[in-house]
Amino acid sequence: LGSKLSLDLAVRDEKAFVALESTWKKGNSLTKEDKLRIKAEALAVPSELFAHCFQNIIILDKFLAYCSKNIVSDAKVAIHILAGSARASYQTVLVNRPPAEIVESLQADMLKIQEIESKLLAMPNERN
């Protein structure tokens, strides 16, 4: 489910945060354009992570109907882990003050994640 992408995003997130920190230091020599680029990257990384988690949650949710009963619990656990990562990246996106349309889109996706998790929690002994 994209572990290389997850690792790449983690590395980019670390770099983006270090760069963002540099914008807070008094007397930095960053231009306004540099600061805007840095802030855009600080928003892009958690946004991409959220999208990655959301896409994989949707894939796993569809997969549940077809997977072996021996691995249903593994797929459910993966959904819950990805949902936690999605919530964390959602909060990070909000800290970066994105435009309203991005927030609205993320909120709709968060509701879909909540629906999927609620369904899994309501049927602990079912396949999905």
ask   = What distance separates D109 CG from Q55 CD, expressed to the nearest 0.5 Å?
value = 9.5 Å

request  = Using a strict 4.0 Å threshold on nitrogen-to-oxygen distance, state whether R12 and D8 make a salt bridge.
outcome  = no

message = Could you measure the distance from the NZ atom of K62 to the CD1 atom of I116? Nearest 0.5 Å is fine.
response = 9.0 Å

ask   = Are R87 and E117 close enough for a salt bridge, meaning some N to O gap below 4.0 Å?
value = yes

query = Taking side chain as C-beta onward, heavy atoms only, is V77 less than 4.5 Å from H80?
reply = no

Minimum side-chain heavy-atom gap L49-F54 below 4.5 Å = no

message = Within this structure, what is the CZ-OG1 distance for the pair R37 and T23, rounded to the nearest 0.5 Å?
response = 11.0 Å

task = Identify whether L43 and L36 are in the same connected component of the hydrophobic contact network (ILVMFWY, side-chain heavy atoms under 4.5 Å).
result = no

remark   = Interatomic distance, CD1@I38 vs CD@E33, rounded to 0.5 Å, equals 11.5 Å

ask   = Do V72 and I79 share a hydrophobic cluster, counting only Ile, Leu, Val, Met, Phe, Trp and Tyr and linking them when any side-chain heavy atoms are less than 4.5 Å apart?
value = yes

message = Closer than 3.5 angstrom, by distance alone: can the side chain of D61 be matched with the main-chain N or O of I57 as a donor-acceptor pair?
response = no

Residue among N96, V93, T92 satisfying side-chain contact (heavy atoms from CB on, under 4.5 Å) with S47 = V93

task = Any chance you could measure C53, atom SG, to I58, atom CD1, to the nearest 0.5 Å?
result = 12.0 Å

Approximate separation, where rounding is to 0.5 Å, of L121 CG and Q114 CD = 10.5 Å

task = Report whether I102 and I113 are members of the same hydrophobic cluster (ILVMFWY, side-chain heavy atoms less than 4.5 Å apart, transitive linking).
result = yes

query = Do other residues, nucleotides or ligands put more than 12 heavy atoms under 6.0 Å from the CD atom of Q107?
reply = yes

request  = Determine the interplanar angle of the W24 and F17 rings, folded into 0 to 90°, and report it as parallel if under 30°, tilted if 30 to 60°, perpendicular if over 60°.
outcome  = perpendicular

message = Checking the side chain of N28 only, and the main-chain atoms of S22 only, is there a donor and an acceptor separated by less than 3.5 Å?
response = yes

